Amino acid sequence: MIRFLNVTQKYGTITALRDASFDIDIGEFVFFVGPSGAGKSTIMKLIYREEVVTGGMVLVGRVDVSKLKPHQVPRLRRRMGIVFQDFKLLPGQSAYDNVAYVLRALGVAPTEIRKRVLGALKVVGLIDKVDAKPEELSGGEQQRVGIARAIVNGPSLVIADEPTGNLDPQTSIEIMNLLEQINQRGTTIMVCTHNQQVVNTMRKRVIQLSDGNIVRDVPLGAYNA
Ligand SMILES: Nc1ncnc2c1ncn2[C@@H]1O[C@H](COP(=O)(O)OP(=O)(O)OP(=O)(O)O)[C@@H](O)[C@H]1O
Ligand SMILES: [Mg+2]
């Protein structure tokens, strides 16, 4: 599903990733851990082509993302759902509209939109909050909307960069359990996190970065070696 082959990512004189290679299969759940500046977000950004790889190769499915022309990038991103630390919801708009937004932009038929949006909000347990605006929701609920938005188009991959960074420990575990539930339906999940408790509770594959290097890649791992 995802293949990094000897990826070196430079930002000017800074090397954010050094000769990084790993494979992620369809249906895996992988945590990326490591200190601030280790290169975790860089990995995510290369996958959704926010950054263009400066050395080596990044494959998403059969697509070499560095070869995509700018007009092909939206099609790549439609195959994945992206979840952010700060939720990135549209203020003043209902949970429903926040989730429907992408489908409307794609020109999906209204009855289909309704079916898919309500389905996604049901998965995240927010069917009673369809009309609530972000300002009226707790942080955990806002992140649930963010996850509903990420899965509404039926992506094969969900990537989440520090999805529990703004949440308390109990809510963090609930959000991770939700991602696990989505994973159990066959969606590949990649999560960057500093949250030791979450990683140690979930026991998934852990890829640890340090100063741009992959220093550990273990199945059913813990936050620390
Ligand atoms: N656009 C950019 N321009 C210059 N340097 C950058 C850019 N993006 C990231 N970097 C640098 O690349 C390195 C890796 O950054 P990255 O954001 O991948 O780290 P991270 O592991 O996600 O950290 P954090 O846990 O703080 O989110 C850091 O040294 C960072 O300062
Ligand atoms: Mg980061």
Side-chain angles (χ1 to χ4, degrees), residues 1-24 28-60 64-66 68 70 73-74 76-77 80-89 139-140 142-143 146-147 149-150 155 157-169 171-173 175-176 178-179 188-202 204-218 221-225:
M1 157 114 254
I2 301 287
R3 169 165 287 183
F4 273 55
L5 276 173
N6 308 106
V7 174
T8 293
Q9 187 66 9
K10 295 191 173 173
Y11 299 110
T13 56
I14 295 168
T15 302
L17 274 183
R18 203 172 283 108
D19 201 25
S21 297
F22 60 86
D23 280 311
I24 296 176
E28 277 200 84
F29 189 128
V30 187
F31 283 119
F32 289 83
V33 305
S36 188
K40 305 180 297 296
S41 295
T42 297
I43 287 177
M44 304 269 151
K45 288 175 183 170
L46 289 170
I47 292 170
Y48 62 89
R49 247 296 286 266
E50 176 78 14
E51 301 288 350
V52 182
V53 70
T54 57
M57 203 189 324
V58 176
L59 294 170
V60 175
D64 177 348
V65 296
S66 67
L68 294 180
V73 171
L76 171 82
R77 291 185 187 162
M80 48 186 81
I82 307 173
V83 177
F84 302 96
Q85 173 171 354
D86 60 357
F87 322 131
K88 295 203 193 299
L89 301 177
Q142 289 184 58
Q143 192 57 294
I147 292 171
R149 180 185 55 193
L157 170 70
V158 168
I159 57 188
D161 195 344
E162 209 68 58
T164 61
N166 291 352
L167 305 176
D168 63 60
T171 310
S172 298
I173 291 290
I175 289 294
M176 243 7 113
L178 176 56
L179 289 174
T188 308
I189 310 268
M190 298 173 67
V191 179
C192 290
T193 187
H194 285 116
N195 192 319
Q196 301 205 19
Q197 192 208 354
V198 152
V199 175
N200 292 340
T201 306
M202 304 291 290
K204 301 293 186 188
R205 179 176 173 190
V206 173
I207 296 181
Q208 184 181 341
L209 290 139
S210 174
D211 197 19
N213 298 297
I214 293 178
V215 293
R216 189 164 60 109
D217 182 352
V218 289
Y223 190 89
N224 292 305

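Counting convention: from 1, in listed order, for ligands and their atoms alike. Keep in mind that what you see is a predicted model, and the values were worked out from it rather than measured.
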Problem set entry | Atom indices of ligand 1, in the order listed, that fall short of 4.0 Å to a heavy atom of S41 | 17 (O), 18 (O), 20 (P), 22 (O), 27 (O)
Exercise. Less than 3.5 Å between some nitrogen or oxygen of S36 and one of ligand 1, yes or no?
Worked result: yes
For this session: From atom 18 (O) of ligand 1, work out which of L209, T42, D161 has a heavy atom at the shortest distance.
Result: T42
Exercise. Using heavy atoms and a threshold below 4.0 Å, how should the contact between H194 and ligand 1 be classified: side chain, backbone, both, or neither?
Worked result: side chain
Seminar exercise, completed: Residues passing the side-chain hydrogen bond (donor to acceptor under 3.5 Å, both in side chains) test with T171, sequence neighbours excluded, are D168
Exercise. If you round to the nearest 0.5 Å, how far is CE of M44 from CG of D161?
Worked result: 6.0 Å
Problem set entry | L59, V58, L46 screened by side chain to side chain contact (heavy atoms under 4.5 Å, CB included) with V65, the one that passes | V58
Problem set entry | Geometric class of the F84/Y48 ring pair [parallel <30°, tilted 30-60°, perpendicular >60°] | perpendicular
Problem set entry | Check: G39 N/O within less than 3.5 Å of ligand 1 N/O | yes
For this session: Would you indicate whether the side-chain heavy atoms of H194 and Y223 approach each other to under 4.5 Å?
Result: yes
For this session: Indicate yes or no: does an N/O atom of G34 lie under 3.5 Å from an N/O atom of ligand 1?
Result: no
Exercise. If you draw a 6.0 Å radius around CZ in R3, do more than 12 non-hydrogen atoms from other residues or ligands fall strictly inside?
Worked result: no
Problem set entry | Numbered atoms of ligand 1 (with element) below 4.0 Å of A16, judged on heavy atoms | 12 (O), 13 (C), 14 (C)
For this session: Hey, could you give me the OG1/CE distance between T164 and M176, rounded to the nearest 0.5 Å?
Result: 4.5 Å
Exercise. For the Mg ion (ligand 2), how many protein N, O or S atoms lie at less than 2.8 Å?
Worked result: 1
Exercise. For L167 and S172, which heavy atoms make the closest approach, and how far apart are they?
Worked result: O-OG, 3.4 Å
